[in-house]
Number of protein chains: 2
Amino acid sequence: MTAANEDTIANRISRILADRIVTGQLEPGAKLRQDHVAEEFGASHVPVREAFRKLEAQGLAVSEPRRGVRVASFDLAEVREVALMRAELEGLALRQAAPHLTSSILEEAEQATVAGDNSRDVRSWEEANRRFHRLILTPCAMPRLLAAIDDLHSVSARFLFSAWRSEWEVRTDHDHRAILGFLRQGNIENAVAVLERHVQWIGQKPVKSPTGSTRDVFAIVG
Amino acid sequence: MTAANEDTIANRISRILADRIVTGQLEPGAKLRQDHVAEEFGASHVPVREAFRKLEAQGLAVSEPRRGVRVASFDLAEVREVALMRAELEGLALRQAAPHLTSSILEEAEQATVAGDNSRDVRSWEEANRRFHRLILTPCAMPRLLAAIDDLHSVSARFLFSAWRSEWEVRTDHDHRAILGFLRQGNIENAVAVLERHVQWIGQKPVKSPTGSTRDVFAIVG
DNA sequence: CCTTATAGAATTATAGATAATTTATGATTC
DNA sequence: GAATCATAAATTATCTATAATTCTATAAGG
């Protein structure tokens with residue numbers, strides 16, 4: 001009857017684990033042991049295994065048969081790969097969605113941008129940013145495309161969290177405003193062009209590792 | 001020890017079911033009952049459920065909690081959606097792969113095209129076609145992108161099988177040859193342009209339904 | 001001192017059993 | 001005769017148990 005029962009245990013576990021991986025609570029390479037996870041959620045390991053399969057499909061975990069599953073690791077090459085894929089797919093989605101955008105949707109997107117600018121931490125910024133992208137893309141009405149974009153967003157968010165774990169500086173999102181401006185003018189191609197460039201922008205930040213040395217961390221910022 | 005043991009039962013089941021769905025042996029909307037599948041493969045239903053999850057992620061099956069899983073159905077809108085996604089992603093892949101293409105790879109791709117032209121049935125044509133695309137795209141060295149393209153290829157193949165179930169007419173693939181020509185010249189952008197148009201071409205064929213009436217069936221042909 | 005066996009513990013993968021839910025069937029009423 | 005409700009059968013989702021594999025730590029041998 002309740003919404004909780006609409007969902008399987010496996011789905012719930014996979015959502016929670018996905019969130020932990022994305023936010024960095026679970027580090028790249030960490031082992032996911034089915035019995036331990038099962039015990040934590042008060043379930044058996046059958047639904048846990050199904051949750052692992054879903055994480056695998058989303059690219060958040062990798063599984064070696066008989067040797068268990070680990071949190072997926074990533075490097076600069078993968079950050080770039082995801083950025084390029086997002087640019088192509090979000091460009092496509094926006095081109096299809098644009099004719100169906102209403103001024104009330106654009107208004108909501110504007111509010112999401114403001115919310116992003118006012119965010120005091122990465123988590124709420126990421127939420128607002130995703131809301132913006134979803135708002136202007138959803139009207140394309142292409143479910144498979146939107147699902148693919150959503151998975152890529154999760155991975156992007158993971159990069160972001162890993163880079164900006166502790167500190168967070170406020171920024172004003174000029175790209176989002178430029179996109180909205182072009183959309184209001186009905187200038188679809190310019191909006192798409194800005195979006196594609198926006199998504200490909202890769203942030204870079206020096207981070208002190210536990211050993212004291214400094215390394216550069218990269219993340220998709222948009 | 002053998003390669004068969006390198007793989008889990010779940011993976012084997014999912015591969016075989018995927019093939020049946022793609023080739024049309026399992027029709028859209030058909031129920032997949034875990035106990036029956038388990039019995040057929042001489043396994044229990046735990047690996048079967050995991051196989052279902054994988055099919056779901058590939059977009060070949062849809063699952064409603066507590067109500068079972070069915071072979072995914074599709075319509076013209078989805079054929080178009082997959083075509084557009086493939087155009088974008090294969091274009092991206094080719095642009096990245098082009099600098100790493102060797103003349104021996106292009107030679108292999110040429111042979112795949114010839115094999116396609118000589119194919120007497122849909123299955124072998126599809127195999128050759130996929131080989132062509134994989135050959136020219138793999139050198140992009142972007143595993144996530146290639147996996148996404150591969151899943152889309154499966155869905156495309158499904159459309160193709162559903163449309164051309166019985167008869168198959170021989171065609172010469174001019175697009176593939178044009179792409180190879182541009183690649184040999186080092187003219188990447190033209191190669192990409194032809195590829196993107198090629199993949200978006202949607203074949204159309206009148207098919208007699210069991211009731212005797214005629215309807216148009218659409219498929220991605222490339 | 002380092003390498004290689006080996007026994008034990010931990011973990012994965014699968015099977016078998018149970019509870020809960022949905023679908024099908026048939027009787028009953030309007 | 002159609003619709004509705006109750007009951008039975010089938011099916012899904014989960015849990016508990018077992019077998020097989022991998023990992024770990026320790027000891028024997030070079």
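Given the structure is predicted, the values throughout are model-derived calculations rather than measurements. Letters A, B, ... mirror the listed sequences (proteins, then strands); counts begin at 1.
- Of the possible polar contacts, one joining the D75(A) side chain to the E78(A) backbone as a donor-acceptor pair under 3.5 Å is found.
- No side-chain donor-acceptor contact under 3.5 Å links R134(B) to the backbone of D150(B).
- A43(B) comes within 4.0 angstrom of sugar-phosphate atoms only, judged by non-hydrogen atoms across all strands, and of no base.
- For S44(B), taking side-chain heavy atoms from C-beta onward, the closest of the listed nucleotides dT14(C), dA13(D), dT11(D) is dT14(C).
- Take the nearest nucleotide of DNA chain C for K31(B) and for I9(B): the residue whose nucleotide is more 5' is I9(B).
- Rounded to a whole Å, the CZ atom of F41(B) is 16 Å from the C1' atom of dT14(C).
- Following rounding to the nearest Å, E39(B) (CD) and dG16(C) (C1') show an atom-to-atom distance of 14 Å.
- Put simply, CZ on R70(A) is 9 Å from P on dC23(D), counting in whole angstrom units.
- Rounded to whole Å, the distance from CD on E50(B) to C1' on dT12(C) is 11 Å.
- Nearest nucleotide to the side chain of V46(A), out of dA15(C), dT22(D), dT12(C): dA15(C).
- A donor-acceptor distance shorter than 3.5 angstrom exists from the side chain of R70(A) to the backbone of G29(A), with no hydrogens or angles considered.
- H36(B) has a side-chain polar atom (N or O) that falls below the 4.0 Å cut-off from OP1 or OP2 of dT11(D).
- Evaluation of the ring-ring contact (aromatic ring centres under 6.0 Å, His included) rule for H45(B) yields no partner, not counting sequence neighbours.
- Phosphate proximity of dT12(C) to R33(A): absent, as no side-chain N or O sits under 4.0 Å from OP1 or OP2.
- For E64(A) and dA13(C), the CD to P distance is 11 Å, given to the nearest whole Å.
- Relative to the side chain of P47(A), the nucleotides dT14(D), dT12(C), dT22(D) differ in distance, and dT14(D) lies closest.
- Here the side chain of R66(A) is nearest to one of dT14(D), dT11(C), dA13(C), namely dA13(C).
- In this structure, D7(A) atom CG and dT21(C) atom P are separated by 15 Å, rounded to whole Å.
- Taking only distance into account, the side chain of H45(A) never meets the base of dT14(D) through a donor-acceptor pair shorter than 3.5 Å.
- Of the candidates F74(A), F218(A), W164(A), F74(A) is the only one forming a ring-ring contact (aromatic ring centres under 6.0 Å, His included) with F159(A).
- Comparing dA13(C), dT14(D), dT12(D) against the side chain of Q34(B) picks out dT12(D) as the nearest.
- The separation between K54(A) atom NZ and dA13(D) atom P is 13 Å, rounded to whole Å.
- The nearest whole Å value for the distance from the CG atom in D35(A) to the P atom in dT22(D) is 17 Å.
- In the set dT22(C), dT11(C), dT14(D), dT22(C) carries the atom at the smallest distance from any side-chain atom of R67(B).
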